[in-house]
There are 2 protein chains.
Amino acid sequence: MKNRIKVGRAERDLSQADLAERIGVSRQTINSIETGRYVPSTILALKLAQVFEKPVEELFQLDETD
Amino acid sequence: MKNRIKVGRAERDLSQADLAERIGVSRQTINSIETGRYVPSTILALKLAQVFEKPVEELFQLDETD
DNA sequence: ACTATTTGTAAAGCTAACTTTACTTTTGGT
DNA sequence: ACCAAAAGTAAAGTTAGCTTTACAAATAGT
């Protein structure tokens, strides 16, 4: 799984902490997703898509390992 | 989280077992998602979206409890 | 009515998602 | 160089996703 959360965050000028607060998760959760330590739940993915006003498919992309 | 997997499956005339096999999960996983016992990972959501050729947002919708 | 397929569900077990706390490293501004 | 904010990371604990096995209930075809 690749993701473009860091980019989305940069576009909106949000810190990891800002974003975490907006969607109701811990900052480490955002960090861990960005750095690929784990894949979010669909609920989180949909919330991120809402914040960035982008489709989930644009934010998250499957790779060979998935 | 609401989802429209049962509908997508009906459109393509796939059994839960068929669908499960196509995306590489157990039949119970599909059943559990359909019956709302749990929410899939983003990886699974993207794969389901691929099979049904529909955006994730169309297949999965947040509700108040999320 | 009989049989086969599909669906629903449950229990036990494993792994991954997520939390909190806490510390280090990096980046940016002055 | 100094300080503050942001980002990275780690450990321990809890919960949720997913597996396998197994069985019961519902649906469909003949």
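Every chain is numbered from 1 and lettered A, B, ... according to where its sequence line falls, protein lines coming before strand lines. The figures that follow rest on heavy atoms only: side chains count, while hydrogens, waters and symmetry mates do not.
Sorted by residue number, the members of residues 36-61 of chain A with any non-hydrogen atom under 4.0 Å from DNA chain D read R37(A).
Across all non-hydrogen atoms, the minimal contact from F52(B) to I5(B) is CZ-O, 3.9 Å. Minimum interatomic distance between E58(B) and Q61(B) (heavy atoms only, all atoms of both residues): O-NE2, 3.4 Å. The two atoms that bring T42(B) and S41(A) nearest to each other are OG1-O, 3.1 Å, heavy atoms only.
Residues N3(B) and L48(B) form no side-chain contact, since every pair of their non-hydrogen atoms from C-beta on lies 4.5 Å or further apart. Taking the side chain as every heavy atom from C-beta outward, N31(B) and R37(B) approach each other to under 4.5 Å. Here the side chains of L19(B) and V51(B) are in contact, with some heavy-atom distance below 4.5 Å. Between L62(A) and Q50(B), some side-chain heavy-atom pair lies under the 4.5 Å cut-off.
Comparing E34(B) and S26(A) along DNA chain C, the residue whose closest nucleotide (by nearest heavy atom) sits nearer the 5' end is E34(B). Of the two residues contacting DNA chain C, namely I33(A) and S15(B), the nearest-nucleotide position lying further toward the 5' end is that of S15(B).
Of the listed residues (R4(B), K6(B), Q16(B)), just one forms a side chain to side chain donor-acceptor pair (under 3.5 Å) with E34(B), and that residue is Q16(B).
Annotation: the span from Y38(B) atom OH to I33(B) atom CD1 amounts to 5.5 Å, rounded to 0.5 Å.
At whole-Å resolution of the value, CG in D13(B) and P in dT27(D) are 17 Å apart. Atom CD1 of I5(B) is separated from atom C1' of dG17(D) by 13 Å (rounded to the nearest Å). Rounding to whole angstrom units, CZ of residue R27(B) and C1' of dT20(D) are separated by 12 Å. Atoms CG (D66(B)) and P (dA16(D)) sit 13 Å apart, rounded to a whole Å. The distance from atom CD1 of I30(B) to atom C1' of dT9(C) is 16 Å, rounded to the nearest whole Å.
At the phosphate of dG8(D), OP1 or OP2 sits under 4.0 Å from a side-chain N or O atom of N31(A). Between R9(B) and the phosphate of dT6(C), there is no side-chain N or O to OP1/OP2 separation shorter than 4.0 Å.
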Under 3.5 Å, which protein N or O atoms sit close to an N or O of nucleotides 25-30 of chain C? Give each pair with its distance.
none

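On a pure distance criterion of 3.5 Å, a polar donor-acceptor pair joins the side chain of Q28(B) and the base of dT21(D).
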